[in-house]
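Please see the structure below; I have some questions.
The figures here come from the full heavy-atom set of this structure, side chains too, leaving out hydrogens, waters and symmetry mates.
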Amino acid sequence: MKDNYIPLRVNRDFGEIISVYFDYFKQNIKNFTNVFISYNGVFLIGLLITSYLLVSGFLGMIAQETGQNSFVGGNDFEQDYYIYLGIGGFLFAIIFLGVAFLNYSLSTSYMIKYVETRDNNVDKKEVWNLAKNQFGNIVLFVLLLIPIYIAFIIAAIILAIIPLVGFFAQYIVQFFLTAWIGVSFFDMLEKKKGVTEALGEGWKLVTSNFWKSVGVNFIMGLLLGLLLMIALIVPGIIIGVYTFHVVENDVDYSHSIVSTIIYTLSTCLILIIAVYGQCLTQFVNGILYYALHEKTYNENTKATIDQIGQND
């Protein structure tokens with residue numbers, strides 16, 4: 001066991017969960033990033049292609065609307081831009097969904113292996129194998145999320161009608177849903193349970209500790225959101241400065257290679273940061289899961305007491 005191992009199977013209160021998260025984040029960020037890059041190569045190329053199609057379509061449409069398209073036969077070119085947007089949007093939906101749940105699985109598997117090995121130098125192959133062995137359950141879990149999110153959207157619309165109270169209730173339901181899904185997903189991979197059984201266990205753990213679960217996801221969602229905004233400053237500045245240059249110098253951006261490259265790379269970087277941020281969010285629910293599970297079942301405490309008895 002490494003001296004710097006952070007035990008996660010511990011019943012912790014609200015403040016301790018937040019504190020342990022940042023300790024875990026600092027200790028594992030480098031190794032997990034290596035896992036993230038190793039298994040996202042093809043998808044990152046896909047996001048780059050998707051970004052190119054979306055950017056080309058949007059730039060062409062904007063140029064068409066502002067009359068800056070220098071080619072004859074504008075209607076034909078406008079149709080091409082719609083094709084770019086259509087294909088790009090379709091690929092974006094497929095690739096982004098695949099990337100999101102791949103990394104949702106990787107971040108969960110990484111933390112499980114961290115707890116099993118009690119070492120922050122987790123083997124990336126072991127992380128991948130754990131996620132791969134649960135592929136069928138992961139796909140079924142994703143499919144079951146569709147009706148769950150449809151129900152959430154309907155509830156959000158209904159709550160939006162209620163002044164003020166509905167606004168707060170909507171966010172409470174949102175963070176509860178985030179906690180429930182995250183904890184359930186963790187239970188499914190950790191205990192190798194079926195999807196419905198894991199969702200039931202997650203519901204039990206989160207509802208029994210409702211305000212802790214909602215509060216942790218709210219605070220960490222806010223802090224991680226600020227962290228991601230800081231990470232987005234660089235691409236934001238690049239886009240802003242170059243857009244100012246385009247407007248001031250009347251650049252034909254719809255046919256400029258430089259414009260396409262800058263906007264494509266910036267868009268792709270934003271998408272990658274968004275996916276990576278989802279991994280960090282799942283780490284929050286991992287620590288929450290271990291805390292709630294230990295509080296409910298005391299498995300680690302009982303094991304420690306039994307071990308002391310055997311030593312005596």
Side-chain angles (χ1 to χ4, degrees), residues 6 8 17-18 20-52 54-55 91-114 120-128 130-132 138 141-142 145 174-175 178-179 181-183 185-186 189 216-239 263-289:
I6 302 171
L8 299 182
I17 292 175
I18 303 296
V20 167
Y21 173 82
F22 284 108
D23 291 337
Y24 178 85
F25 176 83
K26 288 185 292 184
Q27 183 187 95
N28 290 273
I29 186 66
K30 182 178 179 180
N31 197 41
F32 176 74
T33 301
N34 181 41
V35 174
F36 178 86
I37 295 174
S38 298
Y39 292 107
N40 279 274
V42 175
F43 284 111
L44 295 182
I45 294 173
L47 285 178
L48 185 62
I49 295 172
T50 300
S51 300
Y52 168 77
L54 291 174
V55 166
L91 289 177
F92 170 78
I94 299 299
I95 294 174
F96 194 79
L97 187 63
V99 170
F101 277 95
L102 167 66
N103 290 288
Y104 206 63
S105 304
L106 289 178
S107 57
T108 302
S109 300
Y110 181 93
M111 184 172 278
I112 291 172
K113 285 298 177 182
Y114 173 85
N120 63 315
N121 292 313
V122 178
D123 188 343
K124 61 184 179 183
K125 291 183 180 180
E126 292 185 5
V127 173
W128 170 250
L130 176 59
K132 183 178 66 175
I138 292 171
F141 191 93
V142 173
L145 287 184
Q174 175 184 329
F175 290 117
T178 302
I181 291 173
V183 168
F185 194 84
F186 236 96
L189 266 64
V216 165
N217 274 272
F218 169 72
I219 295 298
M220 292 309 304
L222 183 64
L223 294 177
L224 289 175
L226 293 174
L227 181 63
L228 293 179
M229 286 180 63
I230 293 173
L232 290 171
I233 288 177
V234 174
I237 291 176
I238 293 174
I239 293 175
Y263 287 125
T264 297
L265 292 178
S266 298
T267 302
C268 186
L269 182 58
I270 290 171
L271 294 178
I272 293 171
I273 292 174
V275 172
Y276 192 80
Q278 187 183 35
C279 297
L280 303 184
T281 301
Q282 182 59 355
F283 283 150
V284 175
N285 285 311
I287 296 174
L288 178 65
Y289 166 75

- Message: Let me confirm one number: the CG-CD1 distance from Asn217 to Ile181, rounded to the nearest 0.5 Å.
- Response: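 So the CG of Asn217 and the CD1 of Ile181 are separated by 10.5 Å.
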- Please say which of Thr267, Leu269, Leu265 ends up in a side chain to side chain contact (heavy atoms under 4.5 Å, CB included) with Leu48.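 Output: one option passes, namely Leu265.
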- Taking all non-hydrogen atoms of both residues, which atom of Ser107 and which atom of Cys279 are closest, and how far apart?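 So the two residues come closest at CB-O, 3.8 Å.
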- Message: Tell me the closest heavy-atom pair linking Met220 and Tyr21, and the distance in Å.
- Response: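 Met220 and Tyr21 have their closest heavy atoms at CE-CD2, 3.2 Å.
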- Task: First locate atom CD1 of Ile233, then atom CD1 of Ile230, and finally report the distance between them rounded to the nearest 0.5 Å.
- Result: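 So the CD1 of Ile233 and the CD1 of Ile230 are separated by 6.0 Å.
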- Hey, could you give me the CG/CG distance between Leu224 and Leu280, rounded to the nearest 0.5 Å?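 Separation between the atoms: 6.0 Å.
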- Task: Check Leu288 against Ala179 and note the closest heavy-atom contact, atom names and distance.
- Result: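 Closest approach of Leu288 to Ala179: CD2-CB, 4.3 Å.
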- Could you tell me whether the side chain of Tyr114 and the main chain of Ile6 form a donor-acceptor pair under 3.5 Å?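 Looks like yes, one N/O pair under 3.5 Å.
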- Can you say whether the rings of Phe32 and Phe36 are parallel (under 30°), tilted (30 to 60°) or perpendicular (over 60°)?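 The rings of Phe32 and Phe36 sit tilted, inter-plane angle from 30° to 60°.
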- Query: Is there side-chain contact between Phe185 and Leu145, with at least one heavy-atom pair below 4.5 Å?
  - Reply: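 The answer is no, as the side chains (C-beta and beyond) never meet within the 4.5 Å cut-off.
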- Task: May I ask you to decide if Val284's main-chain N or O and Tyr24's side chain share a donor-acceptor pair within less than 3.5 Å?
- Result: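 Judged by distance alone, no pair lies under 3.5 Å.
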- Query: Cut-off 3.5 Å, side chains only: do Asn120 and Asn31 have a donor facing an acceptor?
  - Reply: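 Note: Asn120 and Asn31 side chains miss the donor-acceptor criterion.
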- Message: Quick check: Phe25 with Phe283 (ring centres under 6.0 Å apart)?
- Response: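 No, ring centres 6.0 Å or more apart.
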- Message: Taking side-chain hydrogen bond (donor to acceptor under 3.5 Å, both in side chains) as the definition, give me every residue that meets it alongside Tyr276, ordered by chain and number, with sequence neighbours left out.
- Response: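 Tyr276 satisfies side-chain hydrogen bond (donor to acceptor under 3.5 Å, both in side chains) with Thr33 once adjacent residues are dropped.
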- Could I get the full list of salt bridge (Lys or Arg N to Asp or Glu O under 4.0 Å) partners for Lys124, not counting sequence neighbours?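 Counting only residues at least two positions away or on another chain, Lys124 forms no salt bridge (Lys or Arg N to Asp or Glu O under 4.0 Å).
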- Item | Separation of Leu189 CG from Ser109 OG (nearest 0.5 Å) |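 Interatomic distance, Ser109 OG to Leu189 CG, rounded to 0.5 Å: 5.0 Å.
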- Report yes if some heavy atom in the side chain of Leu106 is under 4.5 Å from a heavy atom in the side chain of Leu102; otherwise report no.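 In contact.
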- Given side chains that start at C-beta, do those of Phe22 and Leu223 come closer than 4.5 Å, heavy atoms only?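 In contact.
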- Worked check of side chain to side chain contact (heavy atoms under 4.5 Å, CB included) between Phe186 and Met111: CA-CA 9 Å; Phe186 236 96; Met111 184 172 278; 3.5 Å; yes
- Between Ala231 and Ile273, what is the shortest heavy-atom contact and its length?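 Smallest heavy-atom distance, with atoms named: O-CD1, 3.8 Å.
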- Query: Looking at Lys113 and Val122, what are the two nearest heavy atoms and their distance?
  - Reply: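 Scanning both residues, the minimum pair turns out to be CB-CG1, 3.6 Å.
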- Measure the CD1-OG distance between Ile238 and Ser266 for me, rounded to the nearest 0.5 Å.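 The CD1 atom of Ile238 sits 5.0 Å away from the OG atom of Ser266.
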- CG on Asn121 to CD on Gln27, rounded to 0.5 Å: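 If I round to the nearest 0.5 Å, the distance is 9.0 Å.
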- Where do Ser51 and Thr264 come nearest, in terms of heavy atoms and distance?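 Here Ser51 and Thr264 meet closest at CB-O, 3.6 Å.
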- Item | side chain to side chain contact (heavy atoms under 4.5 Å, CB included) evaluation trace for Tyr110 with Asn28 | CA-CA 10 Å; Tyr110 181 93; Asn28 290 273; 2.9 Å; yes
